[in-house]
Amino acid sequence: MRILIVGNGGREHALLWRLRRDAPEAEFYVTRPNGGMAGLAQPVEIAPTDVEALSGWAAARRIDLAVVGPEAPLAAGLVDRLRVHGVPAFGPTRDAARIEASKAFAKELMRRAGVPTAPFRVFRDADGARAFARELGAPVVVKASGLAAGKGAVVCPTLDEADRAIAEILEEHRFGEAGREVVVEDFMEGEELSVFALTDGEHALLMVPSQDHKRVGEGDTGPNTGGMGAYAPVSLADGALLERVRDQILTPTLAALRDEGSPFRGLLYAGLMLTADGPRVVEFNCRFGDPETQAVLPLTEGPLLPLLRVVAEGGSLAGARLETRQGAALTTVLASEGYPGPYAKGREIHMPDGLLAADDVVVFHAGTTLDDGRLVTSGGRVLAVTGLGATLAEAHRASLRAAEAIEFEGRQFRRDIGWREMARGAGAP
Ligand code: GLY
């Protein structure tokens, strides 16, 4: 079997690691693999968003399954083109990917489907957006509607900050075409939760719920990043809460997408706020989360590959099951000096040999590359170090032990991933 993984970050390394467990005999291919993926898969030197070239290559190579990691190629229609070429592809079509690629589309869809989310309006004119921000009152959230590499949503504690965000997006065109429209919405109070649903467009298999840590500093302080760590499971997300998420959020959203003529087949990621009134959608993503995937996939048990193939080939997940193993996983991201601002590259990484043999640690590469046989940094987020344990505290210790042991100049990481769960006492001892 020939499997193509599109994307080369920590999430895609976790997918490669997980699918190799299911199919050790398969031939794996990865677009521009990072330093950790390079020895495990054959490189494909085509950019993920070069939809024509990549789908043509996959057809010529007779790929049996393409798994698309990042949102940009999904929004660019890679899955549509792969299917035209007869290549089974796991991921939504361009139309279904609008659930992430257009915040305006997603919010209107949720309104029609009665899915709980913050009150909002969509604007193309800055004056209208500013007036609506005043109607809502601070704090308020301003979002560029299109894809903005995780930087397009601004939580504004004051109306002055909302005015600034609206001006940057609509008048100064900070995000280009992605900022042609803004969504202005009410601020929601609570804890965030990430729920991944593997779906055939109708049935949804929920993976273990997780929580990520977007701020660079400990205690969730400082600027936003792509994610400095994640853990799973989250004790707040008990069976009753997940049933509510399924009934009030996932099922009506999937039905609304089918009614639109854009059934969603792939991984639907519901980014939720657990408010005093119950779970509400902050955003939907059309793909696995990063770094949550690096904590969630090690907790999945049983074959995952056949489920991805069913979805990719247009089959049904009715009656299918996805098992979760006991215990916890916690991922600490090692980032480059300066990240999330401008950061250094090319720093040599020293990884103790014993680390890769430890059975309670998995190291996923993100921004790494091989330079003349040396492993060096090449991105802001460099490595995602997942610790496993019977409890979250054990997983935390394993992750930190490994994070401390890996060295490169200027490396930074948070030592407090999972702190909310630990504070609840749920991760002890
Ligand atoms: N962890 C946030 C994201 O993947 O978008």
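Since the structure is predicted, the reported quantities are computational estimates derived from the model, not experimental observations. Atoms within each ligand, like the ligands themselves, are counted from 1 in listed order.
- In this structure, ligand 1 sits under 4.0 Å from heavy atoms belonging to D212, Y269, N285, R287, G289, D290, E292.
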Validation: residues 252-259 side-chain donor-acceptor distances under 3.5 Å, sequence neighbours left out:
| unit_1 | atom_1 | unit_2 | atom_2 | d |
| --- | --- | --- | --- | --- |
| T253 | OG1 | I249 | O | 2.6 |
| R258 | NH1 | G201 | O | 2.8 |

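- Applying the side chain to side chain donor-acceptor pair (under 3.5 Å) test to residues at least two apart or on different chains, none of the pairs has a partner in residues 35-49.
- Using a 4.0 Å cut-off between charged side-chain N and carboxylate O, R174 and E168 make a salt bridge.
- With a 6.0 Å cutoff to the six-membered ring centre and a 45° limit on the axis angle, R21 counts as a cation-pi contact of W17.
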All N/O donor-acceptor pairs, side-chain side in residues 270-281, below 3.5 Å, sequence neighbours left out:
| unit_1 | atom_1 | unit_2 | atom_2 | d |
| --- | --- | --- | --- | --- |
| T275 | OG1 | D277 | N | 3.1 |
| T275 | OG1 | G278 | N | 3.3 |
| T275 | OG1 | G278 | O | 2.7 |

As a quick check of understanding, evaluate side-chain hydrogen bond (donor to acceptor under 3.5 Å, both in side chains) for Q294 and T331, giving each step before the final call. CA-CA 7 Å; Q294 294 89 308; T331 302; over 6 Å; no
